[in-house]
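What follows is a short report on a single structure.
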Amino acid sequence: MRFEMVAPGELESFLEKPDVMLIDLRTSQEFTKMHIKTAVNIPFHELNSALLPMDATLLLYCERGGLSLNAARELAGIGYRVLSLAGGIHMCPRKMLVGY
């Protein structure tokens with residue numbers, strides 16, 4: 001399977017879909033300081049042990065986009081539907097951030 005990139009301006013429309021799970025791959029400390037509304041925190045190093053729903057579309061993000069790309073490739077390779085936020089949290093519109 002392949003994954004797709006989501007432009008920051010498109011993020012809000014994806015989050016309105018009930019089957020999309022937004023996952024912040026940064027550390028719990030980074031997540032506490034600032035994250036995108038509705039996100040759950042599953043740090044990148046814990047991703048392999050996480051129980052992720054196969055029936056959801058996983059929308060991943062990190063600091064600048066590199067980790068989420070790697071994770072998206074891995075997860076798509078084992079059958080998940082995956083999206084990755086282009087540019088990471090730093091490209092996200094401010095109105096969607098908690099703790100900014």
Side-chain angles (χ1 to χ4, degrees):
M1 291 190 97
R2 24 175 268 136
F3 66 92
E4 296 180 30
M5 299 298 295
V6 173
E10 300 173 314
L11 179 61
E12 201 164 6
S13 67
F14 279 96
L15 297 182
E16 293 170 356
K17 298 177 182 181
D19 68 326
V20 172
M21 180 180 184
L22 180 62
I23 301 174
D24 186 324
L25 299 173
R26 301 171 308 138
T27 67
S28 58
Q29 293 86 356
E30 291 170 315
F31 180 82
T32 300
K33 287 181 185 176
M34 179 177 63
H35 60 272
I36 299 172
K37 295 174 187 173
T38 75
V40 295
N41 183 224
I42 305 174
F44 179 75
H45 68 276
E46 296 176 14
L47 198 57
N48 289 334
S49 63
L51 296 175
L52 301 171
M54 288 297 293
D55 60 344
T57 298
L58 308 177
L59 176 48
L60 310 177
Y61 75 92
C62 60
E63 195 72 23
R64 301 210 180 264
L67 281 179
S68 62
L69 280 175
N70 290 336
R73 282 188 196 105
E74 284 183 37
L75 292 171
I78 56 173
Y80 286 95
R81 288 189 316 264
V82 187
L83 304 168
S84 180
L85 180 62
I89 194 169
H90 284 284
M91 298 303 293
C92 182
R94 290 182 185 178
K95 68 179 183 174
M96 300 193 69
L97 300 176
V98 174
Y100 179 78

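- How far CG of L47 is from CD1 of I23: 6.5 Å, rounded to the nearest 0.5 Å.
- At a threshold of 4.5 Å between non-hydrogen side-chain atoms, the residues N41 and T32 do not count as touching.
- For R81 (side chain) and D55 (main-chain N/O), a donor-acceptor pair under 3.5 Å exists by modelled atom type.
- Rounding to the nearest 0.5 Å places CZ of R64 at 4.0 Å from NE2 of H90.
- What you find for A76 and V82 is that their closest heavy atoms are N-CG2, 3.8 Å.
- Across A50 and I42, no two heavy atoms sit closer than the pair CB-CG2, 3.9 Å.
- Listed by first and then second residue, the salt bridge (charged side-chain N to carboxylate O under 4.0 Å, His left out) pairs that reach into residues 30-54 come to none, sequence neighbours excluded.
- The minimum heavy-atom distance between P8 and A86, with the atom names listed, is CG-O, 3.6 Å.
- Annotation: salt bridge (Lys or Arg N to Asp or Glu O under 4.0 Å) contacts of K17 (sequence neighbours excluded): none.
- If you take CG on D19 and CZ on F14, they are separated by 10.5 Å, rounding to the nearest 0.5 Å.
- When the side chains of ILVMFWY residues are joined at heavy-atom separations under 4.5 Å, either directly or via intervening members, F44 and Y80 end up in a single hydrophobic cluster.
- With sequence neighbours left out, F3 forms a ring-ring contact (aromatic ring centres under 6.0 Å, His included) with no residue at all.
- Looking at L59 and L15, their side chains come closer than 4.5 Å, going by heavy atoms from C-beta outward.
- Residues L60 and L67 are not in side-chain contact: their nearest non-hydrogen atoms beyond the backbone lie 4.5 Å or more apart.
- We find the OG-NE2 distance between S49 and H45 to be 8.0 Å, quoted to the nearest 0.5 Å.
- Of all the heavy atoms in S68 and L25, the pair that sits closest is CA-CD1, 3.6 Å.
- Residues M91 and L83 are members of separate hydrophobic clusters, defined by side-chain heavy-atom contacts under 4.5 angstrom among Ile, Leu, Val, Met, Phe, Trp and Tyr.
- Here M5 contributes atom CE and L85 contributes atom CG; the two are 7.5 Å apart, rounded to the nearest 0.5 Å.
- The two residues M96 and E12 have their closest heavy-atom pair at CE-CA, 3.9 Å.
- When side chains are defined from C-beta on, I36 counts as touching L97, because their heavy atoms get closer than 4.5 Å.
- Two residues are said to be in side-chain contact when any heavy atoms from C-beta on lie closer than 4.5 Å; V40 and M21 meet this criterion.
- Considering every non-hydrogen atom in both S28 and P43, the closest pair reads N-CG, 4.4 Å.
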